Amino acid sequence: MSEQAVDPATRTFLTYRNLLFTVAYEMLGSAADAEDVLQETWLRWVNVDLAPIRDQRAYLIRIATRQALNRMRDMRRRREKYVGPWLPEPLLTTPDVAEDVELAESMSIALMLVLETLSPNERAVFVLREAFAVGYDEIAAAVGRSPAAVRQIAHRARRHVDARRPRYPVSAAQTRAALQSLQHAIETGDPQRLLDVLSPGVVLVGDGGGVKHATLRPVVGADKVARMFLGGLGKVPGRITVRPAVVNGGPALVVHLDGEIDGVLTIRVDDALIAGLYYVRNPCKLTRVRTQTPLTLGR
């Protein structure tokens, strides 16, 4: 189809598609649900009279936010039946995402887990304000609250998130160094090498979704984590290989079993040591680590 044949509504939607996906994914932590939000946003957008709309980007974000909020509440009910811990769906991302420090931080698995502790409205407000720099009036229209209430929600959410972020900023180079040590420990089965890079209070969270074996609850403590992590991989039948990748804008490891993707491992580094290990094995969440997903803050 030629560019001239594309109607204005479709052209605008396609222009902001990656932005809308990024907004929905940050709110939901699920690419599949984010795609559903895009579909619902499109169905509503094509019925909108574009003539009086001054800021089409803001209007599309408003529609997507409302759909994401509806889905977020539904997802929370589904989580009650989820087997074991739930982790965000990992995305293999393009190099430009890693180069954008703000985008990479907002997409990190560690931060998205913190966002899981917010209420739906708090998460929507935080994501729109902190990641996408949406104005308070626009956020208010999207979440159905007054601008004054949105400011209070934003302040409360920011304080909550800041209290749970790493104490010191961590560079991608520091994370890669920790991952290299972790990769070496996995490949050699060297428990001391793993202990050397783990924080004493490290937390291991595994997500198998009841389909693949994973920890049914978080494992805390360097000794327990090293024993369970290396012991678990050592008992997997088949040949384990580990490859570095860029997932959610940051360094990660993709674990292969006999050449097939078995899981994705991301980490949270605090004071040069691994403070969090997040291992996604649920096959339903591994479809987005085979091809890159374009993301953008759209500023």
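These numbers come from a predicted model, not from an experiment.
- Geometric assessment of Arg129 against the ring of Tyr136 yields a positive cation-pi assignment under the 6.0 Å and 45° thresholds.
- For residues 284-298, the set of pairs meeting the salt bridge (Lys or Arg N to Asp or Glu O under 4.0 Å) definition, not counting sequence neighbours, comprises Glu35-Arg288, Asp207-Lys285.
- Checked for salt-bridge contact, Arg159 and Asp162 miss the test: no charged N lies under 4.0 Å from a carboxylate O.
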Under the side-chain contact (heavy atoms from CB on, under 4.5 Å) rule, what do Leu198 and Leu277 come out as? Steps first, then yes or no, please. CA-CA 9 Å; Leu198 295 180; Leu277 278 164; 4.1 Å; yes
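- Pro294 pairs by the side-chain contact (heavy atoms from CB on, under 4.5 Å) definition with Asn18, not counting sequence neighbours.
- The local environment of NE2 in His213 is sparse, with at most 12 non-hydrogen atoms from other residues, nucleotides or ligands closer than 6.0 Å.
- For the side-chain contact (heavy atoms from CB on, under 4.5 Å) test, residues two or more places apart in sequence or in another chain that qualify with Gln174 are Val170, Ser171.
- A donor-acceptor pair shorter than 3.5 Å can be found between the side chains of Glu26 and Ser106.
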Which pairs would a plain distance check flag for residues 138-151, meaning a side-chain donor or acceptor within less than 3.5 Å of a matching protein atom at least two apart in sequence or in another chain?
unit_1, atom_1, unit_2, atom_2, d
Glu138, OE1, Arg62, NH2, 3.3
Ser146, OG, Ala149, N, 3.1

Go through Leu253 and Val264 one step at a time and tell me if the side-chain contact (heavy atoms from CB on, under 4.5 Å) criterion holds. CA-CA 6 Å; Leu253 296 176; Val264 173; over 6 Å; no
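- Side-chain N or O atoms of Arg281 include none that pairs as donor or acceptor with a backbone N or O of Lys212 at under 3.5 Å.
- Contact record, Val37 with Ala24: CG1-CB, 3.9 Å, taken as the closest heavy-atom pair.
- With sequence neighbours excluded, the residues forming a ring pair (Phe, Tyr, Trp, His ring centres under 6.0 Å) with Phe13 are Trp42, listed by chain and number.
- With sequence neighbours left out, the side-chain contact (heavy atoms from CB on, under 4.5 Å) criterion links Ala104 to no other residue.
- Within the 3.5 Å criterion, the main-chain N or O of Leu91 finds no donor-acceptor partner in the side chain of Thr293.
- Trp45 meets the ring pair (Phe, Tyr, Trp, His ring centres under 6.0 Å) test with no other residue; sequence neighbours excluded.
- Distance check: Trp86 CH2 to Arg78 CZ gives 9.5 Å after rounding to the nearest 0.5 Å.
- Shown here are the side chain to side chain donor-acceptor pair (under 3.5 Å) partners of Ser30, two or more places apart in sequence or in another chain: Asp33.
- Looking only at distances, no side-chain donor or acceptor of Gln183 sits under 3.5 Å from a matching main-chain atom of Gln180.
- If you chain together ILVMFWY residues whose side-chain heavy atoms come under 4.5 Å of each other, Val83 ends up grouped with Leu216.
- Judged purely by atom type and a 3.5 angstrom limit, Arg76 has no side-chain atom pairing as donor or acceptor with the backbone of Met72.
- Taking 4.0 Å as the cut-off between side-chain N and carboxylate O, Glu116 and Arg79 count as a salt-bridged pair.
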Quick one: do Arg77 and Asp74 satisfy salt bridge (charged side-chain N to carboxylate O under 4.0 Å, His left out)? Show the steps, please. CA-CA 5 Å; Arg77 289 191 292 270; Asp74 178 62; 3.6 Å; yes
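- Side-chain N or O atoms of Thr22 include none that pairs as donor or acceptor with a backbone N or O of Leu295 at under 3.5 Å.
- Here Arg44 pairs with nothing under the side chain to side chain donor-acceptor pair (under 3.5 Å) rule; sequence neighbours left out.
- Checking side-chain atoms of Gln292 against main-chain N and O of Leu92 turns up no donor-acceptor pair under 3.5 Å.
- For the pair Ser119 (side chain) and Glu122 (backbone), a donor-acceptor distance under 3.5 Å is present.
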Does the pair Thr117 and His160 meet the rule for a side-chain contact (heavy atoms from CB on, under 4.5 Å), with working shown? CA-CA 9 Å; Thr117 63; His160 179 93; 2.6 Å; yes
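- Take Glu80 and apply the side-chain contact (heavy atoms from CB on, under 4.5 Å) test, not counting sequence neighbours, and it matches no residue.
- Judged by distance alone, the side chains of Thr94 and Asp96 do bring a donor and an acceptor atom under 3.5 Å apart.
- Residue pairs meeting the side-chain hydrogen bond (donor to acceptor under 3.5 Å, both in side chains) criterion with at least one member in residues 240-252, sequence neighbours excluded, are Tyr25-Asn248.
- For Glu260, the CD atom sits in a loose shell: 12 or fewer heavy atoms of surrounding residues, nucleotides or ligands are nearer than 6.0 Å.
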